[in-house]
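First the proteins, then the strands, lettered A, B, ... as listed; each starts at 1. All heavy atoms count here, side chains included; hydrogens, waters and symmetry mates do not.
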Amino acid sequence: MSNTELETTYNARNIEKEIYKFWEDNNCFEADSNSKKEPYSIVIPPPNVTGVLHMGHALDGTLQDILIRYNRMLGKEVLWMPGCDHAGIATQNVVEKQLAKEGKTRHDLGREKFLATTWDWANEHKNRILEQFKLLGASFDLSRKRFTLDEGCSNAVKKVFVDLYNKGLIYKGTYIVNWCPRCQSAISDIETNYETEDGHLWEISYPLSDKMGAIVVATTRPETMFGDVAIAVHPDDYKYKDLIGSDCVLPLTGRKIPIIADEYVDKTFGTGAVKITPAHDPNDFEVGKRHNLPQIKVIDEKGCMLSNEYVPPQIQGLTREEARKKTVQMLEEHQVLVRITPHVHNVGKCQRCNTTIEPLLSTQWFVKMEPLAKPAIDAVKSGAIKFIPERWEKNYLMWMENIRDWCISRQLWWGHQIPAYYHNKTGEMVVALKNPDPDNYTQDKDVLDTWFSSGLWPFETMGWPDTNHPDYKKFYPTTTLVTGFDIIFFWVARMITMGLEFTKKPPFSTVYIHGLIRDEHGQKMSKSKGNTIDPVDLIEKYGCDALRFTLTYLCTYGGQDIKISDEKFEFGRNFANKIWNASRFVLMNLSAQEYDLKIEQDKLSIADKWILNELNNVSKIVNENLKTYRIGEVANILYEFFWNKYCDWYIELSKINKNEQVLVYVLDSYLKLLHPIMPHITEAIWQKMPLKKDVIGILNSKYPEYNSAFEFSSDAKKMETVFETIKALRNLRAEFNIPLASKINILIDNNEELYSQIIPYLNRLAKVESVSFDKNKNIEKSAYCVVGDTRITVPLADLIDLNQEIARQKKKIDKLNQELNSIEARLKNEKFVSNAPKDVVDKAIERKNELNSEINLINETIKKLS
RNA sequence: GGGCGUUUAGCUCAGUUGGUAGAGCGCCUCCCUUACAAGGAGGAUGUCGGGAGUUCGAGCCUCUCAACGCCCACCA
């Protein structure tokens with residue numbers, strides 16, 4: 001096989017593996033921070049170190065790679081920074097599950113040994129997911145690969161923590177936090193998902209201590225009553241006005257608590273009286289602070305009832321669920337349970353393990369968000385950072401403007417240990433980069449929220465805090481951030497706040513938000529539902545380029561979620577196959593050893609001009625759309641051009657009359673245009689093309705742009721007429737069941753200059769035997785094609801049923817008349833003529849004239865037939 | 001409670017400043033024409049969710065209603 005020949009069958013996987021290796025072997029993805037070229041950089045949303053590639057990565061990775069490859073071809077110095085996230089809770093959960101299989105917990109191993117085990121696990125897996133990204137054709141710079149827990153990131157994290165602490169933006173305090181009893185850790189507000197659950201509203205009667213009677217409170221969590229420190233009513237609630245200031249008695253334990261007034265209470269809900277449990281409810285915590293009430297803990301970190309003086313002995317040690325049952329039972333026995341009504345309410349769940357969250361009074365570390373949020377709000381409002389699509393800005397701003405402090409400490413082992421040190425004897429706390437005195441100070445046991453380190457990702461990966469680092473200087477701030485809307489708050493918002501605070505620059509200028517991948521029914525894909533599609537399987541089955549193309553094609557500008565099923569990828573596979581075969585044909589039909597991609601204008605036929613004109617338009621629109629992130633549109637346009645223009649027409653025409661220069665030129669340009677989306681197949685074919693090449697791969701070639709020398713719109717329009725004619729003749733054959741084997745002779749009554757040029761095309765593509773331009777020739781028993789101002793007579797002798805032909809022509813006239821009527825109505829409307837833009841009116845007049853002459857021509861034709 | 005999205009051909013979805021609707025799949029007819037049957041030629045299919053308004057003109061803009069979905073907040 002010669003070096004310009006393509007294999008007969010397109011074997012995607014073999015080619016893709018070979019091509020990716022070619023790029024890797026030639027270090028094609030390595031960024032040069034000393035380059036003089038304009039920089040373009042993207043940091044990957046770091047996948048979970050223990051994760052495996054899923055469809056979300058496939059989409060996200062494909063889009064990033066498209067932008068990277070496009071900008072590389074625009075001549076920029078590009079860096080796509082790869083790396084993984086240590087994913088605190090998720091990773092620790094995985095390792096703990098492994099241990100559980102051996103009947104062990106992390107406590108059996110101890111912190112040091114557990115961390116060693118987890119590191120082993122992480123090291124073993126951290127290459128896996130990035131290796132899988134390679135299957136996507138990712139052109140990231142693996143020589144710069146980072147990990148959120150590596151030394152550089154750890155130093156960045158420490159510095160950020162210490163600085164924020166010194167600025168008073170990180171503080172330690174005791175507040176109600178979302179506590180996951182399974183993870184045994186605090187989690188942040190956004191890691192808490194709310195699910196509606198059918199519960200009950202229990203109304204409990206609390207006897208007054210000084211007077212007769214009782215006050216009835218409504219609660220969804222009776223088991224927390226042992227931590228009650230007051231009953232609150234609304235100050236204006238006439239029902240309870242007299243009771244404010246007096247005391248009542250907690251049933252079952254007999255503890256005396258006050259009745260207080262607070263605006264927080266909703267008079268219309270429940271009984272209008274609320275039990276206040278500051279240690280186990282965020283709202284009650286606030287009420288408690290306002291009224292200087294004590295905080296009584298009755299539930300522990302495992303979600304079990306404490307054994308203390310406040311909890312009745314029968315309830316001590318029970319789980320939350322058991323305690324609720326038992327409490328209700330005891331209340332019933334004491335006849336203080338007034339009423340039980342079904343009640344639907346929202347229950348907080350841990351994002352990681354779906355365990356019901358326990359709001360718990362706990363000492364944790366927090367980031368004071370408001371001062372940090374302000375510049376982050378301004379950056380988006382001022383346009384320094386733009387979201388695409390724009391609507392996400394509103395979403396982002398709404399969240400930022402109502403931001404609450406961020407609980408960053410986690411009671412885990414896997415992660416960045418908080419750089420706070422406590423004196424072993426005095427308990428004095430020092431927050432510093434290093435332990436001031438390891439003999440006498442012990443480091444805080446807690447680690448930081450995973451998102452704390454990923455929030456620094458755009459600059460911690462660029463050498464920060466060394467602001468003289470070449471990468472930092474060349475590639476920070478990054479250009480575009482590509483991600484799904486589900487992590488705007490978790491990640492994007494944090495990167496913006498941290499980036500602005502520590503580098504004084506927005507970490508990126510554009511945030512491109514795409515939709516989420518869903519299954520064919522629109523359901524989120526998840527392992528537990530069993531509806532996942534593995535991109536690795538798809539790649540094996542259809543090829544990486546097919547996967548990329550299909551995903552891109554389905555990815556709309558509005559960022560709609562993308563519903564997929566296995567079969568949908570046949571679309572991309574078929575397209576890849578088409579590209580392969582068409583290219584194979586072109587390469588087979590080239591005679592020269594080498595082409596220099598110069599076009600000799602005087603040798604161009606109208607067909608050549610037409611395809612160059614089309615290519616030119618496509619180049620223009622594709623560039624525009626790539627620059628404005630209309631990436632799905634790019635896939636649409638490129639598909640349409642190649643299949644419906646280049647293959648269906650130009651290649652067919654070239655079988656009759658070929659211009660090798662143009663054939664090669666268009667294929668070369670097209671492969672370049674498509675390369676960012678389908679990198680392997682375009683590279684593979686391009687490597688086989690006999691071209692004078694000044695770069696080693698298509699990935700380094702120059703992206704095609706609009707070229708005014710190829711503006712041939714009037715010739716292109718003539719060519720469209722030719723296509724119309726061929727289609728009309730084919731249609732006629734189909735309607736009269738004339739087999740291709742029987743040749744037809746035709747008579748053309750107009751536009752001799754144009755049609756005489758294209759007789760060979762009519763010959764081959766419409767199986768026309770001969771063409772005559774003799775207007776006087778009159779032939780009986782003919783069918784007719786009217787194309788614009790030209791009538792084509794097709795003598796059919798006995799093959800034709802005249803009535804059928806009349807009906808056929810009438811049908812056409814009806815259609816044209818319909819359009820004509822609507823245009824005439826418009827033109828008769830004075831308001832249209834005076835108000836509509838001139839070009840719209842002119843276009844309508846032009847179209848009216850066209851329609852009139854075509855209709856006249858058909859009418860004449862019908863007369864001939866009758 | 002607040003915000004956002006979706007509703008277009010049987011199915012999945014495009015439709016970029018308002019000018020009179022498209023693709024893929026599926027369906028029907030014909031064709032193994034030597035790049036491709038993962039293909040080629042031809043064909044059928046839509047009061048663009050309902051209603052109202054703005055406009056000469058609305059799938060697109062405004063209002064309203066309905067259904068479905070998502071996000072945020074959360075009343076014990």
Of the options B:C71, B:C56, B:A35, whose atoms approach the side-chain atoms of A:Lys655 most closely? B:A35
Is a donor-acceptor contact shorter than 3.5 angstrom present between the side chain of A:Asn346 and the base of B:C74? yes
Cationic N near anionic O, under 4.0 Å, A:Arg730 to A:Glu735: no
A:Thr196 side chain to A:Asn346 backbone, donor-acceptor under 3.5 Å: no
Distance in angstrom units between A:Ile513 CD1 and B:C71 C1', rounded: 13 Å
Out of B:G3, B:A35, B:A38, which has the shortest distance to the side chain of A:Asn577? B:A38
How about A:Trp392 and A:Phe387: are their ring centres within less than 6.0 Å of each other? no
Any base atoms under 4.0 Å from A:Gly272, or only sugar-phosphate, or nothing? Heavy atoms, all strands. base
Can you check whether A:Tyr557 and A:Tyr629 have ring centres sitting under 6.0 Å from each other? no
Can you tell me how far P in B:G24 sits from the matching atom in B:A41, rounded to whole Å? 11 Å
Do other residues, nucleotides or ligands put more than 12 heavy atoms under 6.0 Å from A:Glu401 CD? yes
Using the C1' atoms only, state how far B:G39 lies from B:C25, rounded to an integer number of Å. 16 Å
NA contact type, A:Arg404, heavy-atom cut-off 4.0 Å: base, sugar-phosphate, or nothing? sugar-phosphate
Starting at CG of A:Asn178 and ending at C1' of B:A73, how long is that distance when rounded to a whole Å? 14 Å
Polar atoms only, N or O, under 3.5 Å: list the protein pairs with nucleotides 40-44 of chain B and their distances.
{"unit_1": "B:G40", "atom_1": "OP1", "unit_2": "A:Lys578", "atom_2": "NZ", "d": "3.0"}
{"unit_1": "B:G40", "atom_1": "OP1", "unit_2": "A:Trp643", "atom_2": "NE1", "d": "2.4"}
{"unit_1": "B:G42", "atom_1": "O3'", "unit_2": "A:Asn731", "atom_2": "ND2", "d": "3.2"}
{"unit_1": "B:G43", "atom_1": "OP1", "unit_2": "A:Asn731", "atom_2": "ND2", "d": "3.1"}

Looking only at atom C1', what distance separates B:U20 and B:U55, rounded to whole Å? 14 Å
Flag if over 12 foreign heavy atoms under 6.0 Å of NZ, A:Lys655: yes
Think A:Lys386 forms a cation-pi with A:Tyr512, using NZ or CZ under 6.0 Å from the six-ring centre and within 45 degrees of its axis? no
Using the test side chain to side chain contact (heavy atoms under 4.5 Å, CB included), find all partners of A:Ser619 that sit at least two apart in sequence or belong to another chain. A:Leu615, A:Leu673, A:Pro704
Between B:G10 and B:A37, how far is it from one C1' atom to the other, in whole Å? 24 Å
A:Arg339, CZ: over 12 other non-hydrogen atoms inside 6.0 angstrom: no
Restricting both atoms to N or O, compile the protein contacts to nucleotides 10-13 of chain B shorter than 3.5 Å, with distance only.
{"unit_1": "B:U12", "atom_1": "O2'", "unit_2": "A:Lys568", "atom_2": "NZ", "d": "2.4"}
{"unit_1": "B:C13", "atom_1": "OP1", "unit_2": "A:Lys563", "atom_2": "NZ", "d": "3.4"}
{"unit_1": "B:C13", "atom_1": "OP2", "unit_2": "A:Lys563", "atom_2": "NZ", "d": "3.1"}

Quote, to the nearest angstrom, the C1' distance that separates B:A76 from B:G5. 33 Å
Which comes earlier along RNA chain B counting from the 5' end, the contact point of A:Thr219 or that of A:Asn581, where each point is its nearest nucleotide? A:Asn581
Rounded distance (Å) that lies between atom P of B:A37 and atom OH of A:Tyr10: 16 Å
Under 4.0 Å between any heavy atoms, over every strand shown, what does A:His343 touch: base, sugar-phosphate, or nothing? Just pick one. sugar-phosphate
Between B:U34 and B:U29, how far apart are the C1' atoms? Round to whole Å, please. 25 Å
Measure from OH on A:Tyr194 to C1' on B:C70 and round the result to the nearest Å. 18 Å
Nearest to the side chain of A:Arg573, which nucleotide is it out of B:G5, B:A38, B:A76? B:A38
Would A:Tyr646 and A:Tyr670 count as a close aromatic pair, with their ring centres under 6.0 Å? no
Kindly compute the distance separating CG (A:Asn821) from CG (A:Leu816), expressed to the nearest 0.5 Å. 11.0 Å
Between B:C70 atom P and A:Lys524 atom NZ, what is the distance in whole Å? 9 Å
A:Val618 vs A:Glu640 side-chain heavy atoms within contact, under 4.5 Å: no
For B:U7 versus B:C13, give the span between their P atoms, rounded off to a whole number of Å. 9 Å
Using a strict heavy-atom distance below 4.0 Å, which residues from residues 627-635 of chain A are in contact with RNA chain B? A:Arg630, A:Glu633
If the test is side-chain contact (heavy atoms from CB on, under 4.5 Å), which one of A:Ile637, A:Val634, A:Leu626, A:Leu638 qualifies with A:Ile621? A:Ile637
Salt-bridge present (A:Arg221, A:Glu358; N to O < 4.0 Å): yes
Spacing between A:Asp266 atom CG and B:G1 atom P, to the nearest angstrom: 13 Å
Mind calculating the distance between CD (A:Gln523) and P (B:G69) to the nearest angstrom? 9 Å
Between the protein and nucleotides 19-25 of chain B, which nitrogen or oxygen pairs are less than 3.5 angstrom apart?
{"unit_1": "B:U20", "atom_1": "O4", "unit_2": "A:Arg826", "atom_2": "NE", "d": "3.0"}
{"unit_1": "B:A23", "atom_1": "O2'", "unit_2": "A:Tyr553", "atom_2": "OH", "d": "3.2"}

Counting the atoms with a prime plus P, OP1 and OP2 as sugar-phosphate, which does A:Val833 contact under 4.0 Å by heavy atoms, base, sugar-phosphate, or nothing? nothing
Residue A:Met398, side-chain atoms from C-beta onward, closest of B:G5, B:G2, B:C56: B:G2
Establish, yes or no, whether the cationic atom of A:Arg324 lies under 6.0 Å from the six-membered ring centre of A:Trp202 and within 45° of the ring axis. no
A:Glu401 near the nucleic acid: base, sugar-phosphate alone, or nothing, with a heavy-atom cut-off under 4.0 Å? nothing
Using the C1' atom as the point on both nucleotides, what is the distance between B:C60 and B:U6, in whole Å? 15 Å
Given Watson-Crick and G-U pairs under 3.5 Å, RNA chain B in dot-bracket ([ ] crossing, | other strand) is (((((((..((((.....[..)))).(((((.......))))).....(((((..]....))))))))))))....
Would you please confirm or rule out a distance under 4.0 Å between OP1 or OP2 of B:C4 and any side-chain N or O of A:Lys394? yes
Check the distance between B:G57's C1' and A:Glu819's CD and give it to me in whole angstrom. 15 Å
Exactly one candidate in A:Leu337, A:Val217, A:Val216 meets side-chain contact (heavy atoms from CB on, under 4.5 Å) with A:Ser205; the answer is A:Val216
